[in-house]
Amino acid sequence: MSHFRESLESIVVSANQMSQIEGRIFEAGMPVAALMEKAAGIVATRIQQLYPFQKVSIGVLVGPGHNGGDALVVARELHLQGYSISIYQPFSKLKELTLQHARYTNSLGIPHHQTIQALQECELIIDGLFGFGLERSLTSDLADAVNLLNQWQKPVISIDIPSGIHTDTGAVLGAAVKATHTLCLGLWKRAIFQDTALEYIGKAERLDFGIPHSDVWAILGQNPLIQQITPTLARSFLPLPRPLVTHKYKQGHLLLICGSSRYAGGAILAGLGARGSGVGMLSIAVPTSLKPLLVSHLPEALIIDCPETETGAIAQLPSLSQYDIIACGPGLTQDAETIIEQVLQSEQPLVLDADGLNILAKLGISKISTRQNPTILTPHLGEFKRLFPSIENLDRISAVSEAARQSGAIVLFKGARTAIAHPDGKIWLIPQSTPALARGGSGDILTGLLGGLLAQSKQPVDKTVAIAAWLHSQAGIKAAKDKTELGVDGITLAQYINLAVSELL
Ligand SMILES: NC(=O)C1=CN([C@@H]2O[C@H](COP(=O)(O)OP(=O)(O)OC[C@H]3O[C@@H](n4cnc5c(N)ncnc54)[C@H](O)[C@@H]3O)[C@@H](O)[C@H]2O)[C@H](O)CC1
Ligand SMILES: [K+]
């Protein structure tokens with residue numbers, strides 16, 4: 001049972017999939033009104049937990065569809081519990097079930113208003129204008145009302161999704177309600193994981209209202225394409241516990257290729273990220289002049305001094321055959337082109353980041369298509385655009401999926417909500433992060449951490465990439481909690497990786 005509960009928690013659906021799942025439930029005989037009553041009843045209960053004082057006056061926004069119907073059920077229940085309710089209902093044409101609920105809330109004496117101004121004195125707003133049925137931009141009148149509401153800066157609880165946000169792309173269609181809480185019904189929707197929607201969603205919670213698992217699997221298949229990383233999944237993807245009898249080379253040997261005389265710090269930070277992964281053996285190839293610095297920061301690592309160019313970049317690499325994984329890029333500068341050509345020939349799984357990606361963009365992404373082992377690319381938005389200039393006008397989840405399909409690489413697209421795509425279509429989403437990580441050096445930590453986990457892992461590569469991104473975010477969140485959002489420099493972040501692991505176990 002708990003396995004099932006967990007498995008629904010990781011599921012992320014599109015509007016179309018949600019409506020197909022719902023369609024199966026209705027077809028099997030569940031009355032639409034009964035399902036609405038159930039879902040909205042759970043919303044009403046949750047709102048009472050969040051705002052237990054019946055003195056609160058509540059404004060309820062009611063749209064034309066079943067999201068509006070949910071809102072009316074919530075309005076009715078809270079009214080019956082003694083809360084003071086005012087309804088904003090800008091549409092005169094409502095879906096039949098919603099209309100019936102509106103007739104009843106009217107008969108109870110709850111005021112229904114056609115202007116948002118009537119809700120100005122309310123202390124809490126419940127938003128049921130649109131759910132997953134939003135299909136076009138808000139008309140200008142409604143957009144004006146929503147913008148005015150946002151200016152009031154009141155606490156707002158959105159039912160299912162903030163109205164005005166596209167359920168799949170997370171785009172704002174004209175205007176959108178800025179919620180402090182979003183109570184997502186039944187299954188997580190894609191928009192919850194889209195950067196564009198984040199400032200509208202507030203704190204997101206999923207309310208389970210008893211969707212039969214068989215209906216979910218019938219629509220999504222047993223191995224759903226899009227999943228978020230939950231703590232349970234994270235735990236199962238970690239290279240733990242270690243076997244009782246083992247030795248350092250059995251716990252993976254990572255080669256980091258990084259640094260230049262211009263960017264020495266990138267090599268140190270990538271090394272610290274790898275340290276946080278617990279990798280058995282760490283070798284770091286750097287330009288020869290950097291060796292003493294690296295030895296002093298990372299005494300446990302084997303530092304390989306490479307000949308350097310006149311500009312202080314790595315000019316030539318040693319043989320690559322003895323390593324389990326190669327991670328390459330932080331601090332290289334664009335002068336390290338010849339070594340990127342060389343690592344692309346390597347037989348091992350390869351992580352490319354930072355200047356590794358910029359050089360690959362110059363060489364052409366097709367260079368990786370002949371590689372026999374997985375290539376993992378870890379771009380932020382700027383690097384992504386350079387690597388995949390033809391991918392335009394797509395939301396981030398669709399964009400990363402397309403990038404993986406085009407390139408044949410596993411692509412980790414960094415952002416406020418990092419998304420990881422496998423060329424076979426699988427997508428992993430990282431549900432939380434912190435703006436504290438928007439800081440030079442945090443990407444270098446991720447590269448080292450990722451390389452170190454890959455070197456040890458027996459899991460499929462995409463799962464290890466996902467757990468690395470998840471641990472990186474969690475470490476950032478924990479560090480920011482202790483040190484504030486201004487206190488998460490790379491060295492601090494690396495020290496929190498282990499805390500993120502230990503809290504998981
Ligand atoms: N998930 C479930 O199993 C349940 C979901 N419930 C709730 O139902 C909504 C989805 O309801 P639906 O009626 O399909 O869609 P909406 O309420 O989002 O509204 C669609 C409605 O609005 C019209 N419309 C669309 N865009 C616009 C626009 N820009 N301007 C004006 N009108 C627009 C469209 O034509 C439709 O008439 C889901 O989110 C849940 O809240 C159930 O109550 C319980 C089970
Ligand atoms: K809504």
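Small disclaimer: the values here were computed from a predicted structure and weren't measured. Atoms within each ligand, like the ligands themselves, are counted from 1 in listed order.
At a cut-off of 3.4 Å, Phe130 coordinates the K ion (ligand 2) through an N, O or S atom. Inclusion of Ile159 in the first shell of the K ion (ligand 2) is supported: an N, O or S atom falls under 3.4 Å. Ser158 lies apart from the K ion (ligand 2) in this respect, since none of its N, O or S atoms is found at a distance under 3.4 Å.
Phe413 carries Arg396 over the face of its six-membered ring, with the cationic atom under 6.0 Å from the centre and within 45° of the normal.
For Asp127, the N, O or S atom closest to the K ion (ligand 2) goes by the atom name O.
Sorted by chain and number, the heavy-atom contacts of ligand 1 below 4.0 Å come from Met18, Glu22, Leu35, Met36, Ala39, Pro64, Gly65, His66, Asn67, Asp70, Phe91, Lys95, Phe130, Gly131, Phe132, Gly133, Leu134, Glu135, Arg136, Ser137, Leu138, Asp160, Leu185, Phe209.
In terms of the side chain to side chain contact (heavy atoms under 4.5 Å, CB included) criterion, residue partners of Leu134 (sequence neighbours excluded) are, by chain and number, Phe130, Leu138, Leu173. The ring-ring contact (aromatic ring centres under 6.0 Å, His included) check on Tyr496 picks up nothing, with sequence neighbours excluded.
We find that Glu402 and Arg405 are joined by a salt bridge, their nearest charged nitrogen and carboxylate oxygen being less than 4.0 Å apart.
Around atom CD of Gln120, more than 12 heavy atoms belonging to other residues, nucleotides or ligands sit under 6.0 Å away. The number of heavy atoms from other shown groups lying within 6.0 Å of CD1 (Ile491) does not exceed 12.
The side-chain hydrogen bond (donor to acceptor under 3.5 Å, both in side chains) contacts involving residues 57-67 comprise Ser57-Glu123, where partners must be two or more places apart or lie in separate chains.
Gln100 and Arg103 share no donor-acceptor pair across their side chains, judged by distance under 3.5 Å alone.
At the K ion (ligand 2), the vertex angle linking OG of Ser163 with O of Ile161 is 100° (nearest 10 degrees).
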